[in-house]
Amino acid sequence: MNKPYFYVTTPIYYVNDKPHIGHAYTTILADVLARYYRSLNIPSFFLTGTDEHGQKVQKAAEENNMTPQEQCDTTVTRFKELWERLEITNDRFIRTTEPGHKEIVQKVLQSLFDQDLIYRDEYSGHYCVPCERFYTAKDLDENMLCPECKREVQEIIESNYFFRMSKYQDWLIQYINDNPDFIQPSFRANETLGFLKKPLGDLCISRPKSRLSWGIELPFDTDYVCYVWFDALINYISGIGYGSDEESFTQWWPASYHLIGKDILTTHTVYWPTMLKAMGLEMPKTIFAHGWWLTGRSKMSKSLGNVVNPMEMIDKYGLDAFRYFLMAEMTLGQDASFTEDAFITRFNSDLANDLGNLASRVIKFTLRSCDGTVPELGPEGPEEAELAEALKSAETEMEKALLDMRLEQGIEQIMNAVRAGNRYMEQTAPWSLAKKGETEKLNTVMNRAADLLWRVSVLLSPIMPDKMRELRSCLGFPADADFTINDITSGDTVIAGNKVSDTGGLFQRIQVKEEPKQEKKQTKKDKPKAEAKKSEDKTGTNLVTFDEFFKTQLKTAKVLEAEKIEGTDKLLKLQIDVGGEQRQLVAGVAEYYKPEEIIGKTIVIVANLKPAKIRGVESQGMLLAAKDADGLKLITVDGYVASGVSVG
Ligand code: MSP
């Protein structure tokens, strides 16, 4: 029988630099998941920490005139401070320089060496310091740069130790094929399988101390230290007691989720499973790779100066709004764009207009017309049934969203319930019920509206713990009253008789200052431009602004595979490559293109469309085509263009 438990990990972060939004995002995501599972009364363990060895950290220490240990000790406090500020509820923070972790890494190394799963050999290759990865010449890109980060690599020839990773290639392919949940989203499993099409080499797991001294010494050769990834991945088991506390280890292993960013897929889906297999341990249940936060449409990078600083955002807009934005805005698995404009738009619509407005209406009206006390529930009618329906669907969809890792969809359902709450207030108009003296109906309305807010506050608590506590306190619950999701799904209402209070608004709308107009005075000639500002032109066509248009990301994509979806005449299932990312699309083109006619074509897709299931098959985007009386033609590009290139 499966024991119900939840063990979630984040990557452990390099301590060469201060934390940024990417680190904050995965850690908040893990925190939100852990809080949800705890709220469902499922025993949970949440591990995060820092990756403190390797060349990257040693180099940063040199640049900062510190010893590597000083570099680690200084930077680790930045991470710990940020986690405290973000109210991260991890159960353990692991540092790979802890003696306990080092001991386990050495035990693993010795045991694999004793079983001849580690051997010594001559090595020649190319090393990328930022990625801490070795590549063969064939792996490098056309400019002989790192295939991952496109930076320069160092050529290295030396004697080293190797883990017999190649031995597990066939097993790993089979395992991935047999376990669809193992690597999520599924296109990342395809990406790993694509990587495994090439022969898998053995993994170099040592560095001679003469070149790099900052690492865990190999127990069987003191001239070498362990490769940083081999050391780091072991944190996922050493952090829960592998080799030191068997009871804890058996309670939490295998992990429910290893959350990672898409750039560290191969280390987690190839190195780590083969290492575990060699150790005779079970595989994690799911390795989930999320996308990247971009600034607008560009990659965040220090040199471009467009990296979002989490601390600044929290100082400006508050912690809970920041956590909410990150969880609601990113479609799990896809890239998302972080701009202050997008942040303000979402804040104002979801938090200020919908949730904040409902809370303020209910609290103010209860204070004014119900003596400040939530009334007893009176007779219910169809409006109440409709409201209950919206709430039920928020509860069930949120649980489903957790299981499917579609948090943003769960949040959307909760916000739908909030919107239903605002509609309910408008339809039932408690202010006129009060005027007409219809007390029984009024009591029902104010009881249901307050009850909805209470339930929503519990559902959103894992995302906005402080604000939702504040909301409950306004609704008359003691500040320390902790409710679980089980409390709200039981159906019982506990709110009647509560004394409400007004703390002056949960979320104040963010006022956006109008940019000073740079346009020159309008002349006759300019008139059409000005007219274009309206949403329609003379022919009645809807006009969009540049900004609106660019919300839709159009990209080129190469079709890798195509097959008909069984039981349909119109649909093809495509595997496409979008700049190195493999995705699946469902396209209604089967009547016009045979699978073999579409394979190899460079098409244009909408890349930021919410994934949807079509006939039960997931589609991560939409292709563009034009159709007239003669049939349908795909939109393609005129000549060679790489895949993943923006169109527009
Ligand atoms: N130390 C390794 C992980 C070892 S896990 C056994 C490492 N550390 S890291 O500090 O460089 O990166 C940590 C995570 O930050 C990665 O998952 C990476 O995907 C994520 N991000 C870095 N920039 C990001 C964005 N702009 N957006 C989202 N996440 C991104 O790799």
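Source: prediction; values computed, not measured. FYI, the numbering just counts along the sequence from 1. Whatever order the structure lists ligands and atoms in, that order sets their numbers, starting from 1.
Checked against ring pair (Phe, Tyr, Trp, His ring centres under 6.0 Å), Tyr271 has no partners two or more places apart in sequence or in another chain. Checked against side chain to side chain contact (heavy atoms under 4.5 Å, CB included), Arg92 has the following partners two or more places apart in sequence or in another chain: Phe45, Leu47, Ile94, Glu98. In terms of the ring pair (Phe, Tyr, Trp, His ring centres under 6.0 Å) criterion, residue partners of Phe113 (sequence neighbours excluded) are, by chain and number, Phe220.
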Starting from the N and O atoms of ligand 1, find every protein N or O within less than 3.5 Å and list the pair with its distance.
unit_1   : atom_1 : unit_2 : atom_2 : d
ligand 1 : 1 (N)  : Ile12  : O      : 2.8
ligand 1 : 1 (N)  : Asp51  : OD2    : 2.7
ligand 1 : 10 (O) : Tyr14  : N      : 3.2
ligand 1 : 10 (O) : His23  : NE2    : 3.0
ligand 1 : 17 (O) : Gly261 : N      : 3.0
ligand 1 : 19 (O) : Asp263 : OD1    : 2.4
ligand 1 : 26 (N) : Trp293 : O      : 3.1
ligand 1 : 27 (N) : Trp293 : N      : 2.9

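Cation-pi geometry between Lys80 and Phe93 is met: under 6.0 angstrom from the ring centre, within 45 degrees of the axis.
Between the Asp335 side chain and the Trp293 main chain, no donor and acceptor come within less than 3.5 Å of each other.
For Glu217 and Lys102, the salt-bridge test fails: no basic side-chain N is under 4.0 Å from an acidic carboxylate O.
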